[in-house]
Amino acid sequence: MDTAETNRAEEIKREWTDQYVRVNPQHSELKRFEGIVGRVVTVNWSNKALIDFQDGGWYDITASSEYLTKVDPAEGQAKYKNVNSAQPIPEKQG
């Protein structure tokens with residue numbers, strides 16, 4: 001991976017990690033998550049967001065506004081109630 005790709009991957013990771021999100025239900029493969037708030041645990045080197053949708057599993061979805069919509073943090077915290085899965089990175093809270 002060259003420097004430009006590495007920099008872009010790190011930028012996407014910083015942008016999406018620990019964000020509360022909803023999926024774009026116009027993508028048929030994401031319909032099962034419609035209306036559910038998830039939390040991006042991390043973003044992998046393929047620019048896929050690993051998302052915890054409060055069901056014990058993590059799902060990889062392209063980290064872009066075409067597939068995901070960021071939720072206001074206050075709304076996300078109110079609707080995301082999974083205490084038994086991945087927890088946010090402490091230094092990113094606040």
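- Residues satisfying the ring-ring contact (aromatic ring centres under 6.0 Å, His included) criterion with Y67, sequence neighbours excluded, are H27.
- Residues T69 and V21 are not in side-chain contact: their nearest non-hydrogen atoms beyond the backbone lie 4.5 Å or more apart.
- Note: the hydrophobic cluster containing Y20 does not contain L30 (ILVMFWY, side chain heavy atoms under 4.5 Å, direct or indirect links).
- N7 is linked by a side-chain contact (heavy atoms from CB on, under 4.5 Å) to T3, counting only residues two or more places apart in sequence or in another chain.
- Judged as a side-chain contact (heavy atoms from CB on, under 4.5 Å), and not counting sequence neighbours, S28 has no contacts.
- Under the side-chain hydrogen bond (donor to acceptor under 3.5 Å, both in side chains) criterion, T42 pairs with no residue, sequence neighbours left out.
- The environment of E29 atom CD is dense: over 12 non-hydrogen atoms of other residues, nucleotides or ligands sit within 6.0 angstrom.
- The heavy-atom pair separating N24 from E66 by the smallest distance is ND2-O, 3.1 Å.
- The two residues A9 and N47 come nearest to each other via the heavy atoms CA-OD1, 3.7 Å.
- The shortest non-hydrogen separation linking V40 to A49 is CG1-CB, 3.9 Å.
- P25 is linked by a side-chain contact (heavy atoms from CB on, under 4.5 Å) to K31, E34, counting only residues two or more places apart in sequence or in another chain.
- Partners of E75 under the salt bridge (Lys or Arg N to Asp or Glu O under 4.0 Å) rule, at least two apart in sequence or in another chain, are R22, K79.
- For the salt bridge (Lys or Arg N to Asp or Glu O under 4.0 Å) test, residues two or more places apart in sequence or in another chain that qualify with R8 are E11.
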Verdict with supporting geometry, V37 and F53, side chain to side chain contact (heavy atoms under 4.5 Å, CB included): CA-CA 7 Å; V37 171; F53 281 107; over 6 Å; no

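- Residues satisfying the side-chain hydrogen bond (donor to acceptor under 3.5 Å, both in side chains) criterion with D55, sequence neighbours excluded, are Y59.
- Side-chain contact between I61 and L68 is present, with at least one heavy-atom pair separated by less than 4.5 Å.
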message: Before you tell me yes or no, could you show the steps for R39 and I51 under side chain to side chain contact (heavy atoms under 4.5 Å, CB included), namely the whole-Å CA-CA distance, both residues' side-chain angles and the distance that decides it to 0.1 Å?
response: CA-CA 5 Å; R39 187 180 67 80; I51 304 172; 5.9 Å; no

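- Looking at heavy atoms from C-beta onward, Y80 lies out of side-chain contact with V71 at the 4.5 angstrom threshold.
- Listed by chain and number, the residues in a salt bridge (Lys or Arg N to Asp or Glu O under 4.0 Å) with E15 are K70 (sequence neighbours excluded).
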